[in-house]
Amino acid sequence: MLSTRVGIIFVCLALSACGLGVQQSVDSAPKKNHLAGQWQLTELAGQPVQTEKAPYLDFSEEGKVSGFAGCNRFFGQVEVEGLSIHFGKLGATMMACPNMQLESQFMQVLEKADNYTMGSNDSLSLNKARMAPLARFERVKAD
């Protein structure tokens, strides 16, 4: 009788351990990044951006970001949780261009931004606290 109870307890423990393993694998599945894709800069500090080649952000599914800042390309990590966003240390190429003002402002936005909002028309705004948007982007449609 005692050996039967021990056997039943052992089987229950083994089955519950298997169930936990299944639950963990489902919970640890990567979440889809709804920012994934390329976003072209349309407005910076409230002013429209009009350049030959507009800066852009390119978010990956794996929490990485890359892009073009107006002269140089950059890359690094990005953390997105809810509506919070934080760009980690970004690496960049080091080319010199005649006008670096746009690039400088753009990179400062990435340092300052702590939250974002998305519009219904595939638009993205990077914000600092509750201030006016630092920058606005439009999603680049895949060809």
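Cluster membership check: Val109 shares its hydrophobic cluster with Phe59, using side-chain heavy-atom separations under 4.5 Å among Ile, Leu, Val, Met, Phe, Trp and Tyr. Tyr56 and Phe74 fall into different hydrophobic clusters, where Ile, Leu, Val, Met, Phe, Trp and Tyr are joined by side-chain heavy atoms under 4.5 Å apart, directly or via other members. Follow the hydrophobic side-chain contacts under 4.5 Å out from Leu57 and you never reach Val140; the two are in separate clusters. Cluster annotation: Val80 is connected to Phe137 through the hydrophobic network of ILVMFWY side chains, with a link wherever side-chain heavy atoms come within less than 4.5 Å.
From Phe87, atom CZ reaches atom CD of Gln77 across 12.0 Å, with rounding to the nearest 0.5 Å. A distance of 6.5 Å separates CD of Gln105 from CG of Leu102, quoted to the nearest 0.5 Å. To the nearest 0.5 angstrom, Phe68 atom CZ is 8.5 Å from Thr93 atom OG1. Going from atom CD of Glu138 over to atom CG of Leu41 covers 10.0 Å, rounded to the nearest 0.5 Å.
The two atoms that bring Tyr116 and Gly82 nearest to each other are OH-O, 2.9 Å, heavy atoms only. Closest approach of Arg139 and Ala36 over heavy atoms only: NH1-O, 2.8 Å.
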With side chain to side chain contact (heavy atoms under 4.5 Å, CB included) as the test, would you mind laying out the steps for Lys141 and Asp122 before giving the verdict?
-> CA-CA 9 Å; Lys141 305 286 189 226; Asp122 273 344; 2.6 Å; yes
Step-by-step side chain to side chain contact (heavy atoms under 4.5 Å, CB included) determination, Leu83 to Met118 = CA-CA 9 Å; Leu83 294 177; Met118 291 183 71; over 6 Å; no
Let me see the working for Ile85 and Asn127 under side chain to side chain contact (heavy atoms under 4.5 Å, CB included), right down to the final yes or no.
-> CA-CA 9 Å; Ile85 191 165; Asn127 314 304; over 6 Å; no
Which is it for Leu35 and Val65 under the side chain to side chain contact (heavy atoms under 4.5 Å, CB included) test, yes or no, and what are the steps along the way?
-> CA-CA 10 Å; Leu35 294 178; Val65 66; over 6 Å; no
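Atom CE of Met94 is surrounded by 12 or fewer heavy atoms from other residues, nucleotides or ligands within 6.0 Å. Taking a 6.0 Å sphere around CD of Glu43, one finds it holds more than 12 heavy atoms contributed by other residues, nucleotides or ligands.
Judged by distance alone, the side chain of Thr42 and the main-chain N or O of Arg136 form a donor-acceptor pair under 3.5 Å. Side chain of Asn72 to backbone of Met95: a donor-acceptor contact under 3.5 angstrom is found.
Between the side chains of Asn121 and Ser123, at least one donor N or O sits under 3.5 Å from an acceptor N or O.
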